[in-house]
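Sharing a structure, written as structure tokens. Questions coming.
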Amino acid sequence: FLNTVRAADLAQGEFAAAMSVLAVVKNTAVSRQLREAANRHINALQSTGIDLFSSNRQLHASLVEYTTASQSTFEKEL
């Protein structure tokens, strides 16, 4: 479980960093073509993010299992 949680955390961090860079380019680039390209990539990444993180049932199930196991372990230690 820990590997799944750590991997999901790292992936989401990298994903957020890429989105941030594209957002800066979209909002600050002088070139209209560059702003539009950044916007297209943002849209594509958002769609991918939904598939990878928000709508990923296997990932969700793994995170729920991890949380449940962690809570159970914590309660036993009390």
Side-chain angles (χ1 to χ4, degrees):
F1 296 122
L2 188 54
N3 290 341
T4 301
V5 172
R6 182 71 177 138
D9 183 49
L10 290 172
Q12 287 178 335
E14 293 294 324
F15 186 84
M19 290 291 286
S20 294
V21 169
L22 288 169
V24 168
V25 172
K26 175 187 167 191
N27 293 314
T28 61
V30 175
S31 166
R32 187 176 119 233
Q33 290 175 328
L34 190 54
R35 290 191 310 270
E36 289 173 352
N39 190 53
R40 283 192 305 276
H41 288 289
I42 286 171
N43 291 337
L45 275 177
Q46 285 175 334
S47 178
T48 300
I50 289 169
D51 293 339
L52 290 175
F53 304 114
S54 303
S55 297
N56 187 326
R57 290 179 187 216
Q58 288 178 319
L59 178 60
H60 177 74
S62 294
L63 295 176
V64 167
E65 278 188 60
Y66 174 79
T67 301
T68 302
S70 295
Q71 287 174 344
S72 178
T73 301
F74 177 73
E75 289 170 0
K76 287 178 185 176
E77 291 177 357
L78 291 178

Phe53 with Leu22, same ILVMFWY side-chain cluster at under 4.5 Å: yes
Arg35 side chain vs Val25 backbone, donor-acceptor pair below 3.5 Å: no
Where Phe15 and Leu45 come nearest, the two heavy atoms and their spacing: CZ-O, 2.9 Å
Side chain to side chain donor-acceptor pair (under 3.5 Å) contacts in which one or both residues fall within residues 38-59, not counting sequence neighbours: Lys26-Asn39
Spacing of Gln12 atom CD and Leu10 atom CG [to the nearest 0.5 Å]: 10.0 Å
Linked, directly or transitively: Leu63 and Ile50 (ILVMFWY side chains, under 4.5 Å): no
